[in-house]
> 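One structure, as structure tokens, below. Some questions next.
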Protein chains: 2
Amino acid sequence: MSRSNPRVLSTLERAGGFASAQEIYRLMQREGESIGLTTVYRSLQSLVNDKIVDVLRRDDGEAIYRLCGDAHHHHLVCKACGDTVEIEGGAIEKWAKVMAEEHGFRDVGHTAEIFGICSKC
Amino acid sequence: MSRSNPRVLSTLERAGGFASAQEIYRLMQREGESIGLTTVYRSLQSLVNDKIVDVLRRDDGEAIYRLCGDAHHHHLVCKACGDTVEIEGGAIEKWAKVMAEEHGFRDVGHTAEIFGICSKC
DNA sequence: GTGGGAATGAAAATCATTTTCATTTGTGAT
DNA sequence: ATCACAAATGAAAATGATTTTCATTCCCAC
Ligand SMILES: [Zn+2]
Ligand SMILES: [Zn+2]
Ligand SMILES: [Zn+2]
Ligand SMILES: [Zn+2]
């Protein structure tokens with residue numbers, strides 16, 4: 001395993017904490033930073049392993065990465081500008097637990113995201 | 001747009017209502033059905049458009065399709081055998097609405113899935 | 001039977017991601 | 001400073017899913 005190149009994380013931050021590997025690579029190029037695409041991918045993987053960033057998928061399947069606090073939480077994402085609010089999901093946690101028990105599931109986890117248009121857009 | 005080839009849907013059913021395009025294609029081949037991969041993809045797209053199947057993503061980004069009732073609902077999925085239970089999400093619906101309002105979002109939608117190990121596994 | 005649009009599928013093109021592998025860089029000991 | 005060796009880097013090739021192209025086949029209304 002390799003350690004994350006700090007410039008990748010810093011670029012992800014500058015991107016609003018929300019970008020794909022290809023986007024980060026193009027962004028760094030445009031800003032004159034010399035880096036290889038491979039290193040961008042490797043750094044992102046490492047950041048995901050260390051749970052410093054979160055990975056999810058665009059509709060087209062491309063992986064997007066975002067900076068993320070470490071406590072369990074959910075997201076409210078603007079479909080227009082990408083702005084993301086971390087929200088706490090008390091109701092969901094309970095719902096997931098109840099539903100799982102009701103159907104005899106164990107070792108359960110869950111995902112939940114809300115998306116819409118933010119007030120600025 | 002093209003109409004879905006009925007054999008694709010029937011194969012998806014036989015697969016337990018849970019498979020990727022490639023898997024459906026390989027399954028049909030193994031069973032001696034003559035079909036092109038392109039047609040499998042086109043049929044699945046069309047089924048998704050018609051909201052007859054649901055699409056989501058494996059961790060590796062491959063799209064998987066599954067048969068799905070048409071009313072809004074959520075899923076409880078077994079990580080081991082893939083068994084899926086459709087569940088209703090009253091608590092989620094309310095949570096999503098409240099959170100969105102609280103942060104000034106409009107036109108909101110949401111996703112929520114629970115995954116774990118079912119009682120049979 | 002004929003004409004034209006829809007359906008089909010083989011092959012090529014796309015595109016993100018991973019793998020390979022040779023080169024460079026950093027570090028620590030001598 | 002020199003050497004040795006491990007980690008980091010990146011160019012290029014490989015992979016694999018999905019989409020596009022395009023020529024052919026099917027089907028149906030007339
Ligand atoms: Zn916005
Ligand atoms: Zn939660
Ligand atoms: Zn199971
Ligand atoms: Zn819902």
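Just so we're on the same page: letters track the sequence lines, and every chain starts at 1.
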> So if I take the C1' atoms of five pairs at each end of the helix from C/dG1-D/dC30 to C/dT30-D/dA1 and get each local axis, what angle do the two axes make, rounded to 10 degrees?
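The end axes of the helix from C/dG1-D/dC30 to C/dT30-D/dA1 are about 10° apart, to the nearest 10°.
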> Taking B/S4 for the side chain and B/S46 for the main chain, is one N or O donor matched with an acceptor at less than 3.5 Å?
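No; judged by distance alone, with no hydrogens or angles, the pair does not exist.
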> Students often get this wrong, so: under 4.0 angstrom with heavy atoms, is B/D60 touching a base, only sugar-phosphate, or nothing?
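Result for B/D60 = nothing.
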> Could you work out, with side chain to side chain donor-acceptor pair (under 3.5 Å) as the rule, every residue matching B/E93, not counting sequence neighbours?
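By the side chain to side chain donor-acceptor pair (under 3.5 Å) rule, B/E93 matches B/H72, B/H74, B/H110.
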> Please report the closest heavy-atom contact between A/L12 and A/F18, naming both atoms and the distance.
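Nearest pair, atom of A/L12 first, then A/F18: CD1-N, 3.6 Å.
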> Considering residues at least two apart in sequence or located in another chain, which fulfil the salt bridge (Lys or Arg N to Asp or Glu O under 4.0 Å) criterion with A/E33?
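Salt bridge (Lys or Arg N to Asp or Glu O under 4.0 Å) check on A/E33 returns A/R7.
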> Can you list the residues that meet the ring pair (Phe, Tyr, Trp, His ring centres under 6.0 Å) rule with B/H103, with sequence neighbours excluded?
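Residues passing ring pair (Phe, Tyr, Trp, His ring centres under 6.0 Å) with B/H103: none at all.
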> Given atom CG of B/N5 and atom P of C/dA6, what is their separation to the nearest angstrom?
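One finds 17 Å between P of C/dA6 and CG of B/N5, rounded.
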> Base, sugar-phosphate or nothing for B/S34? Non-hydrogen atoms, less than 4.0 Å.
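If one applies the 4.0 Å heavy-atom cut-off, B/S34 turns out to touch the sugar-phosphate alone, with no base involved.
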> A/Y25 has an atom OH; how far is it from atom P of C/dT18, in whole Å?
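Value for this atom pair: 16 Å.
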> How close or far is atom P of C/dT8 from atom CG of B/L44, stated in whole angstroms?
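Distance check: B/L44 CG to C/dT8 P gives 13 Å.
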> With no hydrogens and no angle check, do the side chains of B/Y41 and B/Q45 hold a donor and an acceptor under 3.5 Å apart?
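B/Y41 vs B/Q45: no donor-acceptor pair found between side chains.
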> Taking only the side-chain nitrogens and oxygens of B/R3, find out if one of them lies under 4.0 Å from OP1 or OP2 of C/dA7.
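Answer is yes, contact under 4.0 Å.
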> What does the B/S/- profile of nucleotides 16-27 of chain D look like, 5' to 3', with a 4.0 Å heavy-atom cutoff to protein?
-SBBB-------
> Among residues at least two apart in sequence or on other chains, which ones pass salt bridge (Lys or Arg N to Asp or Glu O under 4.0 Å) with B/E62?
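With neighbours one apart ignored, the set is B/R58.
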> Restricting to non-hydrogen atoms, name the atom on A/V8 and the atom on A/V40 that form the minimum distance, rounded to 0.1 Å.
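Smallest interatomic distance, heavy atoms only, reads CG2-CA, 4.1 Å.
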